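The structure under discussion appears below in the form of structure tokens.
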Amino acid sequence: MFNYFKTIYKVGKALIQGMMVTWKSFWQPAVTVQFPDEKLNTPERFRGALTFDKETCTACNLCIKACPTACISLEPAVDPATKKRIAKVSWYQIDFGKCNYCRLCEEACPTKPIKSVRHTHQYEWGMLERKEMLVKWERMIPSTEPLTSTNMKPI
Amino acid sequence: MILPVWNESQKRSALILFGIASAGAGISIAIGEIGARFSKIWACLSSFALKNSIPTALLTPLSMIIQCSILIGFISVSVMFMVWWERKVSAHMQNRLGPMFTGGWHGWAQTIADAIKLLLKEDIIPAEANPWVHRLAPIVAFVPAFLCYAALPFGEGLISADLDIGILYIFAISGLSVLGIVMAGWGSGNKYSLLGGLRAAAQSVSYEIPRVLSVVPILMMVGSLKLTSIANVQTGFWQIAGIPVLPKWFIFYPIVGQIAFLIFLISSVAETNRTPFDIAEAESELVAGFHTEYSGMKFSFFFLAEYAYVFLSSGLTTVLFLGGGSGPILPSWSWFLLKSFAVVFLFLWFRWTFPRLRVDRLMEFTWKFLLPWSFVNILITGFILLF
Amino acid sequence: MNTEIVKIQGQDSKTEEMILNLGPQHPSTHGVLRVILKMDGEVITSAQPDVGYLHRGTEKLAENRTYPQMLVISDRWDYLAAMSNNLVWSLAVEKLMQIEVPARGQILRVIMVELNRIASHLVFFGTYGIDIGAYTPFLYAFREREKILDLFEEVSGARMTYNYIRIGGVMADLPKDWIGRCRSFLEWMKPRFVEYDTLLTENPIFQDRTKNIGILPQPLAISYGISGPNLRGSSNPFDLRKDAPYCLYDKFNFSIPTGKNGDCWDRYWVRIEEMKESVKIIEQALEMLPEGECNAKVPRIIRPPIGEVYAQIEAPRGMLGIYLVSDGGDKPYRVHVRPPSFINLAVLQEILVGMKVADVIAILGSIDIVLGEVDR
């Protein structure tokens, strides 16, 4: 009989203690962030969408070799005068549908001090169609003209 | 006691809430006055009809239709409020904020948007389902909930049918709702739904008994089954040396009141199929239980029925244990609403704290714990009344 | 379908066993697991787990990937504890190439793996609460996990697929002030365990749902090759961190919590205690973190010598092993993963029989599987 009431007391006490936990957090401020209005700062090493540097790339293919999903492709530029490959790209394409955001391409890239393919802090990026995921940087004619991105949104 | 530490937005929210509360109090006093006027207008109208020999048979249906529409309006608005409130309460208990965008201030229009979405959704009847049972089930589940509101006193004089057996009527009619749930479970042609329906039937039938028995001590003390007279008995204060100490609510009756209140509260939670007794829906076990196969408006009917029952249970708790509409300054119906929503908060608090009981434990709990204690409570009341 | 004829009051009536497909679309199968349940009323008479809905063929993929590239794919096995996957792959390749990782790298690995163990067990705690029907613990657990993910994000740049532990060390040394933030997280984490205990562990309903449910006897567990907290719940203190130490685990002072009966509650409790132990390990690791290089010298193109190797670690879900065969090229010849979740899952068919549907969820949750690892 005594044990019976003791059990009831214990159970009731444990339940009320549990309720006090939720009661306490009821009055605590929320830890969530109201996303479109407030945004968190991304840390320095954040791996966002990849970007490609127009000038510095030497078309060395190291990023292609490093990529685990083969999402990068490029074609070296050809000098129209000598018909020989030069250390510039003609076009450079990243398939973001395959990209792992793993930083292996950035680590493999030999250009210094700023890597020509690198992660940005961009994470708000939506596509409606699969073909939009193919992002291509094209070079008009090998010249001093800077590379322009054809369909990459500004990052 | 845990004192809240408020930041800026919370202070602003508190200010807005205070503003809303005071505005609500003002409006409620005004409406209370209008209500009194309204009954006078009604009396004038009926005497006018009598004078011009218009048969009262025409007038009575008119008044019934008006009362019904008021009740339906009240149910849908209160359910919308409760859904929003539940989301906010659960969010704050989980250190979140809940809906914040729809409508501006703390997402107040979220449920309205949800209701519109539910209305526009495609209505799906599964190929395996029994179409008519499937169609009827939400109606069978909701209509008794609505019928019960007829006998619920929302304050002094605010009751559409002041039945002499009001409490019996409410228990009897609300017991019908389980039929709808069983129909939904069987008619959906889904095994999860079937299990959910079976569980709901077993659960509702078992918890009905301690729920009714827990009210018996009150009936013994009051000597009436009429809800308004039960509420009226609880007005006034207990006084020690002329100073009012506690209101004469039934929950403050020594021992008997508390036991009855706890049993009634627990079995009410179980009757409304809410956590920790939501085994009929049991999201993580039975997907969604009896309403797995329902979509759109039919689903919203089940939703409506569930929340209507939550408010009905809270309202009954208020009338039976918390003195109904008795309270100072504010009109009686606003006291009733305040107390009822306090009980609704208790329901939400349970839901967002406790895990779910298992089916067999649930049955054990009612038959081996709640039922004996409600009998003991009746016995104690008998002794109190005897001496 | 089994049909039996029973006599009820002189009449012949048929009762049929109900076959219930628990999953692949079910809220509590933690992914895309299908369990074919045969039920007599609400009692299970037979249970057959059906896996493979998330099969991505990573073992075959490995044969076409270089060794560092495979790290990226290893992140996707047990996505709740990607650090462990990185670690076991790195250990396997290092063992093959006989690379000695500097002490700082080793300790950093320990810190990351143990933080990830806490994060992984927090997910277990939260989802187990949901399985049992309590929704609030889930949000509390994710509140804490978010802080761990923030720490990982600072150190590796990603929140889920870290690719941080590399062959020969780690991706990069710790950023500035990271140790302080990690310490403050640990300090913040300790009182949370008390909160969890009051909210869920000591809740009588929760205890009622989990105690003496799904008992996994030690001999059965061993015969099925169960490892990790599931085995330790059955009172077997087998833990690779103690029994076959790697990454300087033998220098740390920690205990191995074990359960008594091997029921759901024991498995749950072991995980909660393991989180506390992990906090202790991380504190010690932060104390003894030496200065210096964290990476060993590794050739730019990794070509391990011809040979085969087996590396194993104690992942949050149990013994995670890699069997690796190299033919001397820059890509592995054959890879086999010993996924703890997959092996733990097999025992379901034994312990589910005779239980109720509600218990199925409790048991399934307590085994704590990650379908990414089960199907690979």
Side-chain angles (χ1 to χ4, degrees), chain A residues 6-26 28-33 35 40-50 60 62-72 98-110 118-123, chain C residues 58 61-62 64-76 134-137 139-140 142-144 146-147 149-164 166 171-172 174-176 178 181 192 194-208 300-301 330:
Chain A
K6 207 177 157 186
T7 323
I8 292 176
Y9 170 75
K10 266 187 183 170
V11 166
K13 196 183 151 200
L15 289 179
I16 287 168
Q17 276 175 342
M19 282 170 77
M20 285 324 287
V21 172
T22 38
W23 178 250
K24 265 181 212 164
S25 33
F26 187 74
Q28 275 164 7
V31 293
T32 48
V33 174
F35 168 59
L40 294 170
N41 291 328
T42 45
E44 197 191 336
R45 293 178 187 173
F46 186 76
R47 306 205 294 248
L50 286 169
C60 67
L62 278 178
C63 49
I64 292 178
K65 279 175 191 155
C67 181
T69 50
C71 70
I72 305 174
K98 288 182 190 171
C99 180
N100 267 322
Y101 297 83
C102 64
R103 188 176 275 164
L104 289 185
C105 53
E106 185 183 330
E107 281 167 17
C109 186
R118 61 178 184 273
H119 284 280
T120 57
H121 287 206
Q122 165 88 6
Y123 58 90
Chain C
T58 45
L61 280 177
N64 276 322
R65 299 286 184 282
T66 60
Y67 290 92
Q69 282 177 355
M70 194 49 206
L71 272 173
V72 178
I73 289 170
S74 77
D75 278 334
R76 272 90 181 159
Y135 290 82
T136 306
L139 273 295
Y140 289 178
F142 268 60
R143 178 184 68 195
E144 272 78 87
E146 201 63 21
K147 288 185 185 283
L149 295 190
D150 282 344
L151 289 174
F152 283 154
E153 198 181 13
E154 277 171 39
V155 90
S156 74
R159 302 177 72 83
M160 199 158 176
T161 49
Y162 313 110
N163 193 14
Y164 178 70
R166 299 287 175 85
M171 186 183 95
L174 297 176
K176 237 176 97 185
W178 191 87
R181 280 193 288 274
R192 297 284 89 74
V194 184
E195 197 177 291
Y196 296 163
D197 284 352
T198 27
L199 190 63
L200 200 61
T201 315
E202 283 162 18
N203 189 304
I205 303 174
F206 177 75
Q207 293 199 354
D208 185 56
R300 198 164 177 85
I301 294 169
D330 60 347

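Predicted model, so just to flag it, every value in this text is computed and none were measured. Residue numbers start from 1 in every chain, and the chains themselves are labelled A, B, ... in the order their sequence lines are given, proteins ahead of strands.
Looking at every heavy atom in both residues, Asp75(C) comes nearest to Asn163(C) through OD2-N, 3.1 Å. In terms of heavy atoms, Arg47(A) sits closest to Ala158(C) at NH2-CB, 3.3 Å. Gln207(C) approaches Thr201(C) most closely through the heavy-atom pair NE2-O, 3.0 Å.
The side chain to side chain contact (heavy atoms under 4.5 Å, CB included) search around Thr22(A) returns Met93(B), Trp349(B), Thr353(B), Thr136(C), Tyr140(C), Leu199(C), not counting sequence neighbours. With sequence neighbours excluded, no residue forms a side chain to side chain contact (heavy atoms under 4.5 Å, CB included) with Lys65(A). Residues satisfying the side-chain hydrogen bond (donor to acceptor under 3.5 Å, both in side chains) test with Thr58(C), not counting sequence neighbours, are Trp77(C).
Neither the backbone nor the side chain of Ala70(A) comes within less than 4.5 Å of any heavy atom of chain C. With a threshold of 4.5 angstrom between heavy atoms, Ile205(C) approaches chain A through side-chain atoms but not through N, CA, C or O. Only the side chain of Arg166(C) has a heavy atom closer than 4.5 Å to any heavy atom of chain A. Met70(C) does not touch chain A: none of its heavy atoms, backbone or side chain, sits under 4.5 Å away.
Along residues 9-18 of chain A, the residues that come nearer than 4.5 angstrom to chain C, judged on non-hydrogen atoms, are Val11(A), Ala14(A), Leu15(A), Gln17(A), Gly18(A) in order of number.
Contact count against chain A (heavy-atom pairs under 4.5 Å) is highest for Glu153(C) among Met171(C), Glu195(C), Glu153(C), Arg143(C). Listed options Glu107(A), His119(A), Met19(A) were ranked by heavy-atom pairs under 4.5 angstrom with chain C; first place goes to Glu107(A).
In summary, Lys147(C) and Glu144(C) do not engage in a salt bridge, as defined by a charged side-chain N under 4.0 Å from a carboxylate O.
Note: Tyr123(A) and Phe46(A) have perpendicular aromatic rings, judged against thresholds of 30 and 60 degrees for the angle between ring planes.
Between the side chain of Arg65(C) and the main chain of Leu71(C), no donor-acceptor pair closer than 3.5 Å is present.
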